[in-house]
Asks: 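Structure provided below as structure tokens; questions to follow.
Proteins get letters first, then strands, A, B, ... in listed order; numbering begins at 1 in each.
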Amino acid sequence: MAVQISLQINGRTVEAEVQPNLLLVDFLRQEQRLTGTHVGCDTAQCGACTIHLDGRAVKSCAILTVQADGARITTIEGLASGAELHPMQRAFHRHHGLQCGFCTPGMVMAGVSIAENHGTPDPAVIRAELEGNLCRCTGYHNIVKAIAAGAREMAGRS
Amino acid sequence: MYRFEYHRAKDIGDAVARRQAAEDGLYLAGGMTMVPTLRQRLASPSDLIDLAGIAALKGLEEADGSLRIGAMETHADVAASALVRDRIPALSGLAGGIGDPQVRNRGTLGGSVANADPAADYPAAVLGLGATIHTDRRTIAADDFFCGLFETALEDDELITAISFPVPKRAAYRKFKNPVSRYAIVGVFVADFGDYVRLAVTGAAASIFRLPEMEAALAGEFTAAAIKQITVEAAEMNRDLHAGTGYRAHLVGVMARRAVEAANG
């Protein structure tokens, strides 16, 4: 039986009727057309589907949409303010923290969460905190540089 | 994923009543094992009863020399708790090493222990510290709780509400982890309570187990050297693509000695 839910997505209130077996990532991509959140491995290991749920980084491919009833969600689309990129997005651009770009939305969302939890962490902390995000192109060097730079910029702003 | 009905339980009584009313229901905690299991069609419950809204399953407090942690506390919250870090740093470190940050933000103590995965981390702390499992109807000692591969003493509709971990003099957990899943290929939790020592091994066999021979040796002398000669039977170990039986048996000794050294550190 479909379940009525109400949640905040990128600052917007969304009311919907969903089946209990609908994954949150499918709800975001297919029903909300927020296709920035990617599905990489489909087994909750790669982190390409990372979003923020009530301020915490989570894997939206391992969460049922009904579990997000009442939650506040931020996806990659919710980071920028209009045409102005979020500092973490800008840092990924500047430091070229990507090659093919498929893992990038999850990396950026994880990076924002790392900065929120650790301030301006050193590379070892960043690497440990990226355990849930896989990139198969870059070797991570520029991703780690980008997150360090983005975290510094976020700290300078607040 | 097969279809199922979804219920958000209001309180413990409501959860158990809905579970009993369901034809083939399951409780849903953080879902970090449940949702991937459903996706792979390894389970087909008629109903899922979500425990996320039950305030009584949260909380973290010290009472009578134990830390009582609510079943729905996430790994991230247990790892971040100043109280846990102060009283049982080994438990704090274990919680902070489960899976990855995203998993720790959702996964729960109760979910992990009820699932009783043979390679999970939390069962090592439950058995290694001799914890008490509180349910909606009784308390169960850790020694009576884990019964085999994904098997526990819980009745079908029984719900873990909290777990009490006795505070040891010193303790440590060391695991040799699978680099992809971060599950323990072998993990050892050792706890020294002064007049006795407990040591639990996860990941190595079909279910978590204690090593009484090592416990007795460590009660005499709490050093890595005291257990250097003690080995486990390779024939009783798990074998999979990550590690064979002989390698796992060897790792039990290595991880046990590292855990003792860390507890002494």
Asks: Which heavy atom in Gly132(A) sits nearest to a heavy atom in Pro101(B), and how many Å separate them?
Replies: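 In terms of heavy atoms, the two residues are closest at N-CD, 4.2 Å.
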Asks: Measure the spacing between CG of Leu64(A) and CE of Met1(B) and express it to the nearest 0.5 Å.
Replies: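 CE of Met1(B) is found 5.5 Å from CG of Leu64(A).
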Asks: What residue in Leu28(B), Val180(B), Leu38(B) has the most heavy-atom pairs under 4.5 Å with chain A?
Replies: Leu28(B)
Asks: Considering all heavy atoms of both residues, which atom of Val35(B) and which atom of Ile63(A) are nearest to each other, and what is their separation?
Replies: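 Result for this residue pair: CG1-N, 4.1 Å.
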Asks: Quick check: do Val103(B) and Val58(A) have side-chain heavy atoms less than 4.5 Å from each other?
Replies: no
Asks: What part of Val3(A) is in contact with chain B, defined as an atom under 4.5 angstrom from a non-hydrogen atom: side chain, backbone, both or neither?
Replies: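 For Val3(A), the contact with chain B is made by the side chain alone.
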Asks: Write out all chain A-chain B donor-acceptor pairs shorter than 3.5 Å, or none if the list is empty.
Replies:
{"residue": "Met1(A)", "atom": "N", "partner": "Glu5(B)", "partner atom": "OE1", "Å": "3.1"}
{"residue": "Met1(A)", "atom": "N", "partner": "Glu5(B)", "partner atom": "OE2", "Å": "2.9"}
{"residue": "Gln19(A)", "atom": "OE1", "partner": "Arg3(B)", "partner atom": "NH1", "Å": "3.4"}
{"residue": "Asn21(A)", "atom": "ND2", "partner": "Met1(B)", "partner atom": "O", "Å": "3.3"}
{"residue": "Asn21(A)", "atom": "ND2", "partner": "Tyr2(B)", "partner atom": "O", "Å": "3.4"}
{"residue": "Asp42(A)", "atom": "O", "partner": "Arg39(B)", "partner atom": "NH1", "Å": "3.4"}
{"residue": "Asp42(A)", "atom": "OD1", "partner": "Arg39(B)", "partner atom": "NH2", "Å": "2.4"}
{"residue": "Asp42(A)", "atom": "OD2", "partner": "Arg39(B)", "partner atom": "NH2", "Å": "3.3"}
{"residue": "Thr50(A)", "atom": "OG1", "partner": "Gln102(B)", "partner atom": "NE2", "Å": "3.0"}
{"residue": "Arg56(A)", "atom": "NH1", "partner": "Thr74(B)", "partner atom": "OG1", "Å": "3.4"}
{"residue": "Arg56(A)", "atom": "NH1", "partner": "Asn105(B)", "partner atom": "O", "Å": "3.4"}
{"residue": "Arg56(A)", "atom": "NH2", "partner": "Asp77(B)", "partner atom": "OD1", "Å": "2.4"}
{"residue": "Arg56(A)", "atom": "NH2", "partner": "Asp77(B)", "partner atom": "OD2", "Å": "3.3"}
{"residue": "Ala57(A)", "atom": "O", "partner": "Asn105(B)", "partner atom": "ND2", "Å": "2.8"}
{"residue": "Lys59(A)", "atom": "NZ", "partner": "Asp100(B)", "partner atom": "OD2", "Å": "2.7"}
{"residue": "Cys61(A)", "atom": "O", "partner": "Arg39(B)", "partner atom": "NH1", "Å": "2.9"}
{"residue": "Glu131(A)", "atom": "O", "partner": "Arg182(B)", "partner atom": "NH1", "Å": "3.2"}
{"residue": "Glu131(A)", "atom": "O", "partner": "Arg182(B)", "partner atom": "NH2", "Å": "3.1"}
{"residue": "Glu131(A)", "atom": "OE2", "partner": "Lys177(B)", "partner atom": "NZ", "Å": "3.0"}
{"residue": "Asn133(A)", "atom": "OD1", "partner": "Gln102(B)", "partner atom": "NE2", "Å": "2.8"}

Asks: Is the NE2 atom of His96(A) crowded by more than 12 outside heavy atoms at less than 6.0 Å?
Replies: yes
